[in-house]
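Data first, discussion second: the structure below is written as structure tokens.
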There are 2 protein chains.
Amino acid sequence: MLSDVMEDYLKAIYTLQMEQGPPVSTSDIAEYLGKTPPTVTSMVGKLEDRGLVDREKYKGVELTTEGETVALEVLRHHRLLEAYLTEHLDYSWSEVHDEADALEHHISEEFEKRVAAALGEPEVDPHGDPIPSADLTPPDSSGLSALSECGVGDRLVVARVSDRDPAELEYLSEAGVTPGTTIEVTDIAPFGMVTVRVGDDGREQSLPESVARTIRVRPPDEPSSEEVSPA
Amino acid sequence: MLSDVMEDYLKAIYTLQMEQGPPVSTSDIAEYLGKTPPTVTSMVGKLEDRGLVDREKYKGVELTTEGETVALEVLRHHRLLEAYLTEHLDYSWSEVHDEADALEHHISEEFEKRVAAALGEPEVDPHGDPIPSADLTPPDSSGLSALSECGVGDRLVVARVSDRDPAELEYLSEAGVTPGTTIEVTDIAPFGMVTVRVGDDGREQSLPESVARTIRVRPPDEPSSEEVSPA
DNA sequence: CTTTTACTTTAGACACATCTAATCCGTGGT
DNA sequence: ACCACGGATTAGATGTGTCTAAAGTAAAAG
């Protein structure tokens with residue numbers, strides 16, 4: 001049996017691994033979770049004892065296959081909940097994260113199944129994040145790049161936005177920068193501020209580098225993917 | 001801030017007070033929650049420090065108004081969840097209790113509001129238990145009696161059944177003994193076994209005293225109440 | 001090659017919820 | 001009245017997750 005807290009650590013390590021690749025440092029985990037580094041050291045030790053992470057002292061940690069499976073399970077819960085709350089309980093895009101965080105550890109396998117069925121076995125959540133499949137094979141996120149890495153003139157489709165900061169989500173929602181929307185980069189300022197033309201109505205919108213870094217984009221058209229359709 | 005565990009204690013004390021009236025004994029709480037008596041003594045002390053229960057040592061405890069409000073809030077969550085799971089996620093009558101127990105401590109006020117709205121502000125859950133109103137005034141359960149206290153020949157309407165034992169619920173569901181159903185007591189055996197004719201199809205069903213004690217009934221017809229209608 | 005600096009880990013403490021073992025009421029039986 | 005017995009409480013220990021303060025390590029800067 002794994003505690004809620006352990007699940008949170010595994011989810012955090014997974015997320016950080018996705019963002020920066022392994023190994024993940026103690027202080028990054030601490031900052032991500034709002035804990036102190038000694039707390040993280042202690043917890044990571046317990047996770048190692050259970051075979052959920054590999055660790056090299058003073059270097060960092062990496063999820064084992066088993067640890068990754070747990071993280072994917074939690075992430076599946078989280079993202080199914082986000083999708084369900086948005087679709088069936090009238091939550092807005094920016095409200096769902098905290099609710100899903102609170103509930104993700106406490107739903108049964110049965111609940112997970114029924115929510116997935118009610119949604120029609122979706123493959124992405126409202127933010128565009130991929131929902132791990134029921135068999136918990138790692139989802140493939142290749143083919144995406146960060147908006148902050150793109151150049152002026154690039155035409156792109158928004159694939160994913162971060163769900164961590166409600167204020168940022170609110171802003172992006174207003175701006176029309178949502179998964180499935182086509183955008184074009186019109187300017188990049190020296191300090192990283194990216195300006196984009198959004199969708200068909202030609203609105204221009206500037207985004208600080210810190211935000212652009214959290215937006216994942218893919219090339220437009222090319223009939224390869226499926227799910228997202230501009231509403 | 002109150003822990004999940006404290007909420008469970010308050011809910012347990014509330015339930016026991018409803019069943020047997022105050023004060024509630026340490027060992028009854030311990031048995032209800034599956035804890036040992038010293039654990040309960042210790043927890044009850046903390047609840048007293050916070051002004052949630054009144055206690056007389058070696059006698060028992062009773063909820064304060066504040067403690068009762070917390071219990072009602074938790075109960076409202078629990079019963080709204082039971083109703084929602086049954087109505088919108090295809091749960092059966094007997095499956096909902098454990099899921100609701102796990103989730104009741106972790107839903108936000110917002111979630112509570114939206115679930116209540118999605119259900120049309122219901123006043124009873126699927127077992128017939130009254131759902132405390134949003135303002136948390138104590139629900140009125142007068143006018144109900146236990147099936148085990150009734151006499152041969154009585155015609156009654158089932159008002160509530162206990163949601164504690166899934167096997168019992170399964171059995172009652174099979175038997176057609178559900179809230180809103182009209183029944184007639186046809187026999188009472190010396191050791192308390194009650195036999196009833198159920199609904200319109202004249203099936204007879206015998207229920208041990210331990211079960212009959214958990215079924216609450218009210219007199220039939222008399223246009224006074226509203227919500228339950230035999231489906 | 002040494003020193004500084006940034007980060008990590010160890011040490012020690014605390015709060016919570018739980019247990020077992022031992023002690024302590026209070027009441028019902030004699 | 002007394003005493004015994006059942007139930008309640010105290011005492012003391014355990015496990016988890018957290019913190020602050022102190023010590024340790026590794027890598028960059030001089």
Side-chain angles (χ1 to χ4, degrees), chain A residues 1-14 16-17 19-63 67 70-71 74 101-102 104-106, chain B residues 1-14 16-17 19-63 67 70-71 74 101-102 104-106:
Chain A
M1 266 304 79
L2 241 40
S3 70
D4 301 0
V5 174
M6 283 179 172
E7 289 183 355
D8 280 334
Y9 276 85
L10 294 172
K11 188 175 61 150
I13 295 167
Y14 180 87
L16 291 168
Q17 277 188 187
E19 283 175 10
Q20 8 173 291
V24 175
S25 78
T26 300
S27 45
D28 284 351
I29 300 170
E31 186 188 351
Y32 190 91
L33 291 172
K35 308 277 165 74
T36 61
T39 302
V40 173
T41 298
S42 146
M43 191 66 220
V44 161
K46 289 171 195 165
L47 294 173
E48 191 183 23
D49 292 345
R50 297 189 185 224
L52 298 165
V53 302
D54 284 333
R55 175 158 92 119
E56 207 173 340
K57 274 203 182 160
Y58 293 98
K59 289 291 170 33
V61 297
E62 180 172 357
L63 293 176
V70 173
V74 178
D101 255 6
E104 65 190 6
H105 307 295
H106 304 103
Chain B
M1 266 305 79
L2 243 41
S3 69
D4 300 0
V5 175
M6 282 179 173
E7 289 184 356
D8 281 333
Y9 277 84
L10 293 172
K11 189 176 62 152
I13 295 167
Y14 180 88
L16 291 168
Q17 276 187 189
E19 282 175 10
Q20 8 173 292
V24 175
S25 77
T26 300
S27 45
D28 284 352
I29 300 170
E31 185 187 353
Y32 189 90
L33 290 174
K35 309 277 165 75
T36 60
T39 302
V40 173
T41 297
S42 147
M43 190 66 219
V44 161
K46 290 170 196 164
L47 294 174
E48 190 184 24
D49 293 344
R50 297 189 185 221
L52 298 164
V53 302
D54 283 333
R55 176 159 91 119
E56 209 172 338
K57 276 204 183 160
Y58 294 98
K59 289 292 169 35
V61 297
E62 180 172 356
L63 293 177
V70 174
V74 178
D101 254 7
E104 64 190 7
H105 307 296
H106 304 104

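Throughout, protein chains are lettered first and strands after them, A, B, ... in sequence-line order, and every chain is numbered starting at 1. What's counted below: heavy atoms across the whole structure, side chains too, no hydrogens, waters or symmetry copies.
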Quiz item: What is the distance, rounded to the nearest whole Å, between atom CG of A/D4 and atom P of C/dC16?
Solution: 18 Å
Quiz item: What integer distance in Å separates A/L47:CG from C/dT9:C1'?
Solution: 16 Å
Quiz item: Base, sugar-phosphate, or nothing: which does A/S42 touch, judged by heavy atoms less than 4.0 Å apart?
Solution: base
Self-check item: Toward the 5' end of DNA chain D, by each residue's nearest nucleotide, A/K35 or B/P37
Solution: B/P37
Quiz item: Between B/E56 (CD) and C/dT27 (C1'), how many Å, whole number?
Solution: 15 Å
Quiz item: Counting side-chain heavy atoms from C-beta on, which of C/dT9, D/dT9, D/dA8 comes nearest to B/K57?
Solution: D/dT9
Quiz item: Rounded to the Å, how far apart are A/M6 CE and D/dT18 P?
Solution: 10 Å
Self-check item: Given D/dT9, D/dT25, C/dT27, the nucleotide with the shortest approach to the side chain of B/K59
Solution: C/dT27
Exercise. Whole angstrom is fine here: how far is it from CG in A/L33 over to P in D/dT18?
Key: 9 Å
Practice problem: Quick one: pull up NZ in A/K57 and OG1 in A/T41 and give me the separation to the nearest 0.5 Å. | Solution: 9.5 Å
Self-check item: Whole-Å distance separating the CE atom of A/M1 from the P atom of C/dT18
Solution: 18 Å
Exercise. Look at all strands and tell whether B/T39 reaches a base, only sugar-phosphate, or nothing, counting heavy atoms closer than 4.0 Å.
Key: base
Practice problem: Measure the NE2-CG distance between B/H106 and A/D4 for me, rounded to the nearest 0.5 Å. | Solution: 6.5 Å
Quiz item: Picking from D/dT9, C/dA11, C/dT8, which would you name as closest to the side chain of A/P38?
Solution: C/dA11
Quiz prompt | Shortest non-hydrogen contact from B/A30 toward B/P37 | solution = CB-N, 3.9 Å
Quiz item: Does B/T26 place a side-chain N or O at less than 4.0 Å from the phosphate oxygens OP1/OP2 of D/dT9?
Solution: yes
Quiz item: With a 4.0 Å cut-off on heavy atoms, is A/T36 in touch with a base, just the backbone sugar-phosphate, or nothing at all?
Solution: base
Practice problem: Provide, to the nearest angstrom, the distance between the CG atom belonging to A/L2 and the P atom belonging to D/dT16. | Solution: 12 Å
Quiz item: Rounded to whole angstroms, how far apart are CD on A/E7 and C1' on D/dT16?
Solution: 15 Å
Quiz item: Under 4.0 Å: is that the gap between some side-chain N or O of B/S27 and OP1 or OP2 of D/dG6?
Solution: no
Self-check item: Among D/dT18, C/dA17, C/dT9, the nucleotide that comes nearest once only the side chain of A/Y58 is considered
Solution: C/dT9
Quiz item: Quick check: does any side chain N or O of B/Q17 sit under 3.5 Å from a backbone N or O of B/L63, one acting as donor and the other as acceptor?
Solution: yes
Quiz item: Rounded to the nearest 0.5 Å, how far does NZ of A/K35 lie from OG of A/S42?
Solution: 10.5 Å
